[in-house]
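What follows is a short report on a single structure.
Note that the coordinates shown come from a computational prediction; the quantities given were computed from them, not determined experimentally.
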Amino acid sequence: MSDSLKDKAIFIGAALGWFAVIMQFVLMMQNRVESLTETTIRFFSFFTILTNSLVALYFSVLWYKKPTSLLTRFVKPGFLTAITLYITIVSVVYQFVLRGIWEPTGMQRLVDEMLHTIIPIYVVVFWFIYENKMSVAWKSIPSWLLYPFSYLVFILFRGHLSGFYPYPFVNVTELGLEKVLINSGALVFAFLVLAFVFVGIGKSMKFKTPNNTTPDS
């Protein structure tokens, strides 16, 4: 793949990500029932928003190309795989657990599909083409779980204080702590399985993706 085509793919990824996240913020503000501060906190309490923001940031830093500590981290083999894992979980959970609980219309429906379907598919395709998959280390998998684990701790702690839980399957008030911990354990298992799937697929491929990064193994 030419650098020109890759640059275009990176730009499109950044544009899709920022458009979806910003439009979702605008829509949420237009329909808010809480204060501006509380609504903003709740907005960033969704794993979908945090992960799509991470995707947008990833593509933006790659497109900017200026040498920074972020760029160094982002081009390291495995980082793209981790992001792909996170955004895939966003899509899978939405399609199988959350899609049936509401029916967005208009612009909300477009943004909803971008956040949960279009962008995840785009990232998976980008990963398939451009990740240096053979250099992604199995030992990286535990560190990839730090982000979702930290997120879980945050939403449970803040939910205990505020009564707001961003997803029904982590609503301690409605389900009780035991059921929420069981649901959380199932999600952790899903993260692990998909992580091994992505690394395994990458290492089973017969070719190495052209890349300027160094191996992380």
Return the [atom1] to [atom2] distance between [X] and [Y], rounded to the nearest 0.5 Å.
{"X": "His160", "Y": "Thr173", "atom1": "NE2", "atom2": "OG1", "result": "9.5 Å"}
{"X": "Phe189", "Y": "Leu194", "atom1": "CZ", "atom2": "CG", "result": "10.0 Å"}
{"X": "Gln24", "Y": "Phe43", "atom1": "CD", "atom2": "CZ", "result": "6.0 Å"}
{"X": "Phe157", "Y": "Leu152", "atom1": "CZ", "atom2": "CG", "result": "13.5 Å"}
{"X": "Leu62", "Y": "Leu80", "atom1": "CG", "atom2": "CG", "result": "8.5 Å"}
{"X": "Arg109", "Y": "Trp102", "atom1": "CZ", "atom2": "CH2", "result": "11.5 Å"}

message: Any heavy-atom pair between the side chains of Phe198 and Lys133 that's under 4.5 Å?
response: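 No, every pair of side-chain atoms sits at 4.5 Å or beyond.
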
- request: Evaluate the criterion side chain to side chain contact (heavy atoms under 4.5 Å, CB included) for residue pair Met205 and Phe128; output intermediate values, then yes/no.
  value: CA-CA 10 Å; Met205 297 177 72; Phe128 183 81; 3.5 Å; yes

- prompt: Relative to the ring of Tyr130, is the ring of Phe126 parallel (under 30°), tilted (30 to 60°) or perpendicular (over 60°)?
  reply: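 Tilted: the ring planes of Phe126 and Tyr130 meet at 30° to 60°.
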
Compare every heavy atom of [Y] with every heavy atom of [X], then report the nearest pair and how far apart it is.
{"X": "Leu145", "Y": "Leu192", "result": "CD1-CD2, 3.6 Å"}
{"X": "Ser184", "Y": "Val170", "result": "OG-CG1, 4.4 Å"}
{"X": "Met29", "Y": "Leu36", "result": "SD-CD1, 3.4 Å"}
{"X": "Tyr151", "Y": "Ser45", "result": "OH-O, 2.5 Å"}
{"X": "Leu85", "Y": "Ala195", "result": "CD1-N, 3.6 Å"}
{"X": "Ile119", "Y": "Ala20", "result": "CD1-CB, 3.9 Å"}

Are [X] and [Y] connected, step by step, through hydrophobic side chains (Ile, Leu, Val, Met, Phe, Trp, Tyr) whose heavy atoms are closer than 4.5 Å?
{"X": "Ile87", "Y": "Val93", "result": "yes"}
{"X": "Tyr167", "Y": "Val153", "result": "no"}
{"X": "Met28", "Y": "Met107", "result": "yes"}
{"X": "Trp144", "Y": "Val124", "result": "no"}
{"X": "Val180", "Y": "Ile182", "result": "no"}

[X] side chain vs [Y] backbone, donor-acceptor pair below 3.5 Å:
{"X": "Tyr86", "Y": "Pro148", "answer": "no"}
{"X": "Lys203", "Y": "Val136", "answer": "yes"}
{"X": "Glu131", "Y": "Gly78", "answer": "yes"}

Output all residues satisfying ring pair (Phe, Tyr, Trp, His ring centres under 6.0 Å) with [X], sequence neighbours left out; order by chain, then residue number.
{"X": "Tyr165", "result": "none"}
{"X": "Phe19", "result": "none"}
{"X": "Phe149", "result": "none"}
{"X": "Phe191", "result": "none"}

task: Just do the side chain to side chain contact (heavy atoms under 4.5 Å, CB included) check on Ile41 and Phe164 with the steps written out, would you?
output: CA-CA 10 Å; Ile41 293 173; Phe164 172 76; over 6 Å; no

query: In chain order, what residues pass the salt bridge (Lys or Arg N to Asp or Glu O under 4.0 Å) check against Arg99, with sequence neighbours excluded?
result: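 Here the qualifying residues are Glu113.
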
Listed by chain and number, what are the side-chain contact (heavy atoms from CB on, under 4.5 Å) partners of [X], not counting sequence neighbours?
{"X": "Val33", "answer": "none"}
{"X": "Ser91", "answer": "Gln95, Pro120"}
{"X": "Ser150", "answer": "none"}

Return a table of donor-acceptor pairs under 3.5 angstrom between the side chains of residues 50-60 and protein atoms on other chains or two or more places apart.
unit_1: Thr51; atom_1: OG1; unit_2: Phe47; atom_2: O; d: 2.8
unit_1: Thr51; atom_1: OG1; unit_2: Tyr147; atom_2: OH; d: 2.8
unit_1: Asn52; atom_1: ND2; unit_2: Thr48; atom_2: O; d: 2.8
unit_1: Asn52; atom_1: ND2; unit_2: Leu115; atom_2: O; d: 3.2
unit_1: Ser53; atom_1: OG; unit_2: Ile49; atom_2: O; d: 2.8
unit_1: Ser60; atom_1: OG; unit_2: Trp18; atom_2: NE1; d: 2.6
unit_1: Ser60; atom_1: OG; unit_2: Ala56; atom_2: O; d: 2.7

query: Run the side chain to side chain contact (heavy atoms under 4.5 Å, CB included) check on Phe79 and Ser140 step by step: do they pass?
result: CA-CA 9 Å; Phe79 194 88; Ser140 298; over 6 Å; no

- request: Can you tell me which residue pairs pass the salt bridge (Lys or Arg N to Asp or Glu O under 4.0 Å) test with a partner in residues 41-62, sequence neighbours excluded?
  value: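 Applying salt bridge (Lys or Arg N to Asp or Glu O under 4.0 Å) to every pair that reaches into residues 41-62, excluding sequence neighbours, yields Glu34-Arg42, Glu38-Arg42.
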
task: Can you tell me which residue pairs pass the salt bridge (Lys or Arg N to Asp or Glu O under 4.0 Å) test with a partner in residues 12-26, sequence neighbours excluded?
output: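 Checked against salt bridge (Lys or Arg N to Asp or Glu O under 4.0 Å) - neighbours excluded - no pair reaches residues 12-26.
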
task: Could you walk me through whether Val61 and Arg73 pass the side chain to side chain contact (heavy atoms under 4.5 Å, CB included) test, one step at a time?
output: CA-CA 10 Å; Val61 171; Arg73 178 180 295 273; over 6 Å; no

Partners passing side-chain hydrogen bond (donor to acceptor under 3.5 Å, both in side chains) against Thr40 (at least two apart in sequence or in another chain):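 Thr40: no side-chain hydrogen bond (donor to acceptor under 3.5 Å, both in side chains) contacts found.
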
